[in-house]
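Indexing begins at 1, ligand by ligand and atom by atom, following the structure's order.
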Amino acid sequence: MDLIELSKVEYLYPDGTKALAGVDLCVGAHQRVAVLGPNGAGKSTLFQMFNGLLQPSGGTVLVKGRPVVKNYLKEVRRMVGMVFQDPDDQLFSATVRQEIAYGLINLGLAPNRLEDLIGWALEVVGLSGFENKSPFNLSGGEKKRVALASVLAMQPEVLVLDEPTGALDPIGAAKIIGLLNRINRELGITLVFATHDVDCVPLMADNVYVMDAGRIVVSGSTAEVFSRKDLIRAHNLRLPRVAHLAELLERDGEVGFPSSPLTIGQAKKMLLDQIGRKPAK
Ligand SMILES: Nc1ncnc2c1ncn2[C@@H]1O[C@H](COP(=O)(O)OP(=O)(O)O)[C@@H](O)[C@H]1O
Ligand SMILES: [Mg+2]
């Protein structure tokens with residue numbers, strides 16, 4: 001059974017904007033799924049369906065096979081942890097400890113269990129020792145990691161992240177990507193993230209749904225989706241930079257690639273293979 005399953009989901013905002021126009025999407029346990037789309041595609045609207053923040057105007061949203069309706073919301077929100085695009089929308093407490101404790105207190109956990117989970121979540125995100133700081137004085141990357149820790153402490157099965165690398169500097173973005181991959185690999189937590197950052201997708205997704213104007217326009221494995229170059233470009237997106245470079249080199253007849261490299265690591269390996277060299281490490 002899929003963890004999250006959407007069928008023909010539609011959403012109409014009260015002003016008449018049709019943000020979702022029949023979306024089908026499945027997220028299996030332990031997968032890393034990207035929803036890639038330009039601004040205004042409907043990604044943030046879609047993500048609010050996953051834990052019942054919005055109810056669809058049409059179609060069905062199932063979490064572990066059950067419709068996300070009122071008497072299932074509490075359970076769904078425990079299983080599906082949501083990290084918002086802007087941490088300032090999520091953070092509201094005076095200290096990092098209080099921020100993370102808030103959700104746990106609502107679950108009715110004993111104080112010693114609370115402290116354990118706070119310490120554990122901060123350790124996972126690399127912010128041990130930040131307990132007494134104010135979330136508002138932290139850098140953008142640190143704020144995102146506090147927001148992530150507060151969701152992680154609830155031990156969700158799925159992490160849903162809206163633009164996890166948005167508004168971060170290159171080091172902050174690389175840290176979040178590494179961290180989310182480790183959370184998936186070591187804790188077995190499923191990842192679903194929305195982005196318009198095509199370069200981050202091959203680094204952290206197994207499956208990709210490309211979305212535009214409220215619809216899924218193509219989906220499949222990351223390699224399959226990025227092989228549909230014309231379609232990607234037709235929807236105001238681009239290839240990862242390294243895939244574009246490979247395309248130019250091939251077009252000019254300079255180098256051939258067995259398949260389109262999507263990350264610098266893949267390109268390096270393919271190029272070394274061509275000149276018959278092994279990577280140094
Ligand atoms: N509260 C709202 N009221 C009316 N229209 C909205 C609202 N929020 C978003 N929209 C519209 O819905 C569409 C999808 O928006 P959104 O889900 O935010 O896209 P994305 O996250 O992909 O940028 C856009 O046309 C946007 O203008
Ligand atoms: Mg958005």
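A tilted orientation is assigned to the rings of Phe47 and Phe50, their planes being inclined by 30° to 60°.
A distance of 11.0 Å separates OG1 of Thr45 from CG of Leu12, quoted to the nearest 0.5 Å. Residue Asp199 holds its CG atom at 10.0 Å from CG of Leu239, rounded to the nearest 0.5 Å.
In summary, an N, O or S atom of Ser44 is located under 2.8 Å from the Mg ion (ligand 2).
Look at Lys229 and Glu250 and you find no salt bridge, because none of the NZ, NE, NH1 or NH2 atoms lies under 4.0 Å from a carboxylate O. Using a 4.0 Å cut-off between a side-chain N of Lys or Arg and a carboxylate O of Asp or Glu, Lys64 and Glu157 qualify as a salt bridge.
Checked options Thr165, Asn236, Asn39, Val201; the residue passing with His196 is Asn39 (criterion: side chain to side chain contact (heavy atoms under 4.5 Å, CB included)).
Within 4.0 Å of ligand 1, heavy atoms belong to protein residues Tyr13, Asp15, Thr17, Ala19, Pro38, Asn39, Gly40, Ala41, Gly42, Lys43, Ser44, Thr45.
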